[in-house]
Amino acid sequence: DAARVLMGRHGETILALIVLTATSSNINASMLSCSRVYFTMSRDGFLPGLLDRVHPRFGSPYVGVVAHVLWATCLLAAYRAIEPLIG
């Protein structure tokens, strides 16, 4: 409502697009950084050696990315809502 009042009838849409862009950027940054944390912890011996694999073509820690997605899925399944995870 405030966006509509301040920016006109398209204010809601503009604000929704800004929030969508910020959220997508945050998810992307989380995926990239957390997978590299798993990779480094594996290289240092704190996690199983499987997580230190690097994709031969792209050079990314692809097993770490998969592990992060699986962990996030487990958390969402356990809590059944995203609010407790982000609060």
Side-chain angles (χ1 to χ4, degrees):
D1 291 337
R4 187 175 351 106
V5 170
L6 291 173
M7 296 185 270
R9 65 180 213 181
H10 298 294
E12 293 172 332
T13 304
I14 292 169
L15 186 61
L17 289 173
I18 290 170
V19 170
L20 178 67
T21 302
T23 304
S24 299
S25 298
N26 188 6
I27 291 170
N28 183 42
S30 173
M31 291 295 300
L32 292 175
S33 63
C34 289
S35 63
R36 281 159 174 76
V37 169
Y38 297 153
F39 169 79
T40 303
M41 288 180 70
S42 177
R43 283 271 166 107
D44 291 344
F46 295 110
L47 290 175
L50 174 70
L51 294 170
D52 69 353
R53 293 192 181 169
V54 176
H55 193 277
R57 180 174 172 202
F58 301 113
S60 60
Y62 69 100
V63 179
V65 172
V66 172
H68 185 64
V69 169
L70 291 174
W71 178 242
T73 302
C74 289
L75 288 174
L76 282 173
Y79 284 95
R80 300 204 181 267
I82 198 162
E83 288 83 8
L85 297 172
I86 62 173

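What you see is a predicted model, and the numbers here were worked out from it, not measured in a lab.
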Please report the shortest heavy-atom distance between [X] and [Y], naming the atom on each side.
X: Glu12; Y: Ala3; result: N-CB, 4.1 Å
X: Ser35; Y: Gly64; result: CB-C, 3.5 Å
X: Leu51; Y: Ala67; result: CD2-CB, 3.6 Å

Do [X] and [Y] sit in one hydrophobic cluster, given that two such residues count as connected whenever their side-chain heavy atoms are within less than 4.5 Å of each other, even indirectly?
X: Phe39; Y: Val65; value: no
X: Val63; Y: Val37; value: yes
X: Met31; Y: Trp71; value: no
X: Phe58; Y: Val54; value: no
X: Leu50; Y: Phe46; value: yes

Could you state the interatomic distance from [atom1] ([X]) to [atom2] ([Y]), rounded to the nearest 0.5 Å?
X: Ile18; Y: Thr23; atom1: CD1; atom2: OG1; answer: 11.5 Å
X: Asp44; Y: Asp52; atom1: CG; atom2: CG; answer: 10.0 Å
X: Leu75; Y: Leu70; atom1: CG; atom2: CG; answer: 11.0 Å
X: Thr13; Y: Met7; atom1: OG1; atom2: CE; answer: 10.0 Å

Taking [X] for its side chain and [Y] for its backbone only, find out whether a donor-acceptor pair lies under 3.5 Å.
X: Ser42; Y: Pro48; value: yes
X: Ser30; Y: Asn26; value: no
X: Arg80; Y: Leu76; value: no

* Asked: What orientation do His68 and Tyr38 show, parallel under 30°, tilted 30 to 60°, or perpendicular over 60°?
  ->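 Tilted.
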